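From a predicted model like this one, the values you see are computed outputs, not experimental measurements. Numbering starts at 1 and runs along the sequence shown.
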Amino acid sequence: MTRFSESAIYRRLRAFINRQLGPSSLPGEGIQYWRERIFHYFSLAVVFFGVAVYLYYGLYFLLNGLYLFMAFATSVFVSSLLVVSIHRIPLSFRIGWVLFILYVTGTFLLFRGPNSTMGMIFLFAATIMGGTMSGAVTGMWYLIISSITLTGVGFYWYGGYIDHSNGPDISLLTYINLSITFLVLNFITLAPLISLLNGMMFTVKKERRYQRILRREQEDLVYARQKAEESDRLKTAFLSNMSHEIRTPMNAILGFSNLLSHPGVTESEKDEFVNLIKLNGKNLMSLVEDIIDISKMESGQFEIHNSPCQLHQILEDVYSAFSDEIRRRGITNVKLYLKKGISDERIQILTDAARLKKVLNNLVGNAIKFTDKGYVEFGYELNSDHFIQFYVKDTGIGLPAGKEEEIFNRFSKFSQSDEKLYGGTGIGLTIARHLVKHMGGDIWVEPQSTPGTTFYFTIPFQKILSPVPPKAQPWTSTCINWEGKTFLVAEDEEDNFRYLEVALSLFNASLIWARDGKEAVEVFKKVKHIDLVLMDIKMPGMDGYEATRQIKKINKTVPVIAQTAYAMLGERELSLNAGCDEYISKPINYQDLLELIQRFVPGNQDVGSLQNTATTS
């Protein structure tokens with residue numbers, strides 16, 4: 001004989017219980033789930049009990065001709081059935097209605113008599129259900145209301161103020177004992193029940209809180225994984241683009257450098273090759289500066305240096321540079337326009353001119369790159385007393401809808417056509433946004449239905465009322481003669497020294513080479529007539545900072561110019577604090593180097609004596 005736990009009856013009974021009660025692991029809100037279940041079975045018990053009461057009193061009212069009471073009992077019973085059975089009605093309303101019906105029925109039975117026990121049972125049910133379904137406060141209120149109701153019933157039946165055709169079925173003492181028993185039973189049942197329910201609610205709420213935390217952490221992990229995958233994809237694309245952007249100018253530089261030594265190349269072709277090498281070298285340097293700038297911005301090592309500058313001169317420099325670029329590349333289908341907001345050519349503003357020019361270069365260069373036909377227009381407008389608004393407008397391929405914010409993210413590139421590949425690293429607009437934000441402005445792109453894109457950016461407008469300084473008189477490097485001047489060059493790289501040696505020997509300067517800081521200090525001690533020191537910062541052994549300090553202890557009047565390949569924040573300040581008189585970063589521009597040395601060591605500007613040198617250079 002099989003065990004009872006394996007019998008068909010047991011399995012059916014267990015299935016019925018599970019189907020009616022439901023497992024505790026069902027999805028959804030735990031407290032709401034159990035409130036629904038408790039109310040379901042509580043209401044079933046009330047309905048079954050109510051049917052018996054309704055049949056008993058219904059027949060009683062019909063037999064005694066109390067049709068008004070019969071109608072009242074019927075309405076209460078039917079409304080209770082409807083509220084309990086229609087699940088679309090909010091649970092809070094159904095609970096409130098059942099509690100109200102229980103209280104009204106119990107009160108009616110107590111005042112109707114002679115069924116004091118039956119009425120107390122209904123009041124007891126109302127109190128327990130109120131505490132179970134609506135909380136401790138509701139249960140205590142129903143207990144208080146029931147106490148007041150029992151007191152009123154006592155005065156109604158036993159006060160002697162109202163005449164009754166039929167007296168109460170129990171004595172006053174019995175009624176008082178029943179009432180006290182009712183209240184005590186109510187209290188001792190309600191108190192532990194509420195405590196149990198509060199514990200259950202706390203546990204369920206804690207579990208729900210943990211589930212929310214876990215769900216939020218899972219969402220964060222999914223989001224972080226998506227961001228990591230997107231970042232990895234963008235970095236891969238960036239490295240691929242970077243490889244292309246570096247190899248393209250390097251190919252031109254190395255290729256034309258090899259051709260310069262070919263005997264079949266004419267002098268005019270050599271001049272063309274030299275110009276192309278310079279151009280591609282500048283492009284490569286611009287790429288390196290972009291990478292350095294984005295690193296500075298992300299590490300917080302970025303500063304803005306505001307100074308008075310001529311606004312129209314900045315715009316004209318950008319216009320001139322890109323006009324030459326368009327002509328050099330033979331672009332005939334794109335026109336470049338410059339629109340100035342005011343006609344005063346002498347207007348000066350307080351801003352970082354180099355950073356402003358960088359933003360304009362990035363935006364205008366981007367516009368020309370993505371415009372195959374039409375025009376590119378840039379300029380500014382004065383729409384406010386506090387901000388100046390610049391714009392760059394083009395008739396190019398445009399921007400996909402919804403990408404107006406994403407276009408400023410690192411490594412982001414969008415093209416609506418696969419027929420043409422557009423170069424670039426994808427960090428130009430990111431740098432532009434960082435620069436504008438650091439300058440105190442904002443940048444955005446305006447979506448438009450017509451082909452093309454319009455970028456806007458603002459910077460604080462601080463007009464300078466001081467007069468325009470006179471333009472510096474141009475001078476030519478062929479007028480310099482450093483004959484009799486001795487320069488000490490501290491440089492650990494032989495190629496870098498060779499560049500300085502050739503460049504400065506064209507102007508009759510005498511150079512002494514020191515391969516590290518220690519050797520530079522020893523040479524400076526031995527040679528008494530050194531007119532200037534070119535000090536590399538990063539050298540083995542003693543670096544340029546310490547070498548400069550020791551040289552300045554020997555002779556403070558000799559100018560020391562720091563030269564370094566580092567371009568991070570603080571390099572200039574460290575150099576000046578160490579005693580350097582000026583700072584120049586690598587790669588060293590030939591003309592900038594000559595102007596800088598000329599400031600500290602003026603040469604003999606005898607043009608006649610340099611006739612041959614000028615011709616050679």
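With contacts defined as side-chain heavy-atom distances shorter than 4.5 Å, the pair L356/I459 qualifies. Looking only at side-chain heavy atoms (C-beta outward), L504 and W482 come within less than 4.5 Å of each other. Considering only heavy atoms from C-beta on, L363 stays 4.5 Å or farther from F390 through its side chain. Contact check for K437 versus H434: no side-chain heavy atoms found under the 4.5 Å cut-off. No side-chain heavy atom of L429 sits less than 4.5 Å from a side-chain heavy atom of R433. M542 has its side chain out of reach of D516: every pair of non-hydrogen atoms, C-beta onward, lies at least 4.5 Å apart. Counting only heavy atoms from C-beta outward, the side chains of V334 and K373 never approach each other to under 4.5 Å.
Within the structure, salt bridge (Lys or Arg N to Asp or Glu O under 4.0 Å) contacts touching residues 483-507 (residues at least two apart or in different chains) are E491-K586, R498-E501.
K552 has a carboxylate O that lies under 4.0 Å from a charged side-chain N of D581, or vice versa, which qualifies the two as a salt bridge.
In this structure, the separation between CG on N275 and CD on E272 is 8.0 Å, given to the nearest 0.5 Å.
Counting only distance, with no hydrogens or angles, the side chain of D271 and the backbone of V274 share no donor-acceptor pair below 3.5 Å. Although no hydrogens or angles enter the test, the distance criterion places no donor-acceptor pair under 3.5 Å between the side chain of S320 and the main chain of D317. No donor-acceptor pair under 3.5 Å is formed between the side chain of S510 and the backbone N or O of G484. Judged by distance alone, with hydrogens and angles left aside, the side-chain atoms of E269 form no donor-acceptor pair with the main-chain N or O of V265 at under 3.5 Å. Counting only distance, with no hydrogens or angles, the side chain of T371 and the backbone of I368 share no donor-acceptor pair below 3.5 Å. Put simply, the side chain of N555 never gets that close to the backbone of I551: no donor and acceptor are under 3.5 Å apart. In this structure, E595 contributes its side chain and D592 its backbone to no donor-acceptor pair below 3.5 Å.
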Please determine whether side-chain contact (heavy atoms from CB on, under 4.5 Å) holds for the pair Q313 and C309, giving the CA-CA distance in whole Å, both sets of side-chain angles, and the decisive distance to 0.1 Å.
CA-CA 8 Å; Q313 185 62 49; C309 60; over 6 Å; no

Test side-chain contact (heavy atoms from CB on, under 4.5 Å) applied to M539 and R515, step by step
CA-CA 8 Å; M539 292 184 294; R515 289 171 175 79; over 6 Å; no

Might you work through the side-chain contact (heavy atoms from CB on, under 4.5 Å) test for Y583 and L596, ending with a clear yes or no?
CA-CA 9 Å; Y583 169 95; L596 189 57; over 6 Å; no

Per-pair distances, 0.1 Å, donor-acceptor, side chain in residues 522-535, under 3.5 Å, sequence neighbours excluded:
unit_1, atom_1, unit_2, atom_2, d
K528, NZ, K525, O, 3.2
D531, OD2, T486, N, 2.8

Give the table of side-chain donor-acceptor pairs shorter than 3.5 Å for residues 375-382, with sequence neighbours excluded, one pair per line with atom names and distance.
unit_1, atom_1, unit_2, atom_2, d
E377, OE2, Y391, OH, 2.4
Y380, OH, H312, NE2, 2.7
Y380, OH, I342, N, 3.2
E381, OE1, N383, ND2, 3.4

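Proximity of the aromatic rings of F387 and F461 is defined here by a centroid distance below 6.0 angstrom, and this criterion is not met. Taking the six-membered ring for Trp and the full ring otherwise, W444 and F457 have centroids separated by 6.0 Å or more.
Counted within 6.0 Å of NZ on K340, heavy atoms from surrounding residues, nucleotides or ligands total more than 12; the atom is thus considered enclosed.
When only modelled atom types and interatomic distance are considered, N306 and D352 share no side-chain donor-acceptor pair under 3.5 Å.
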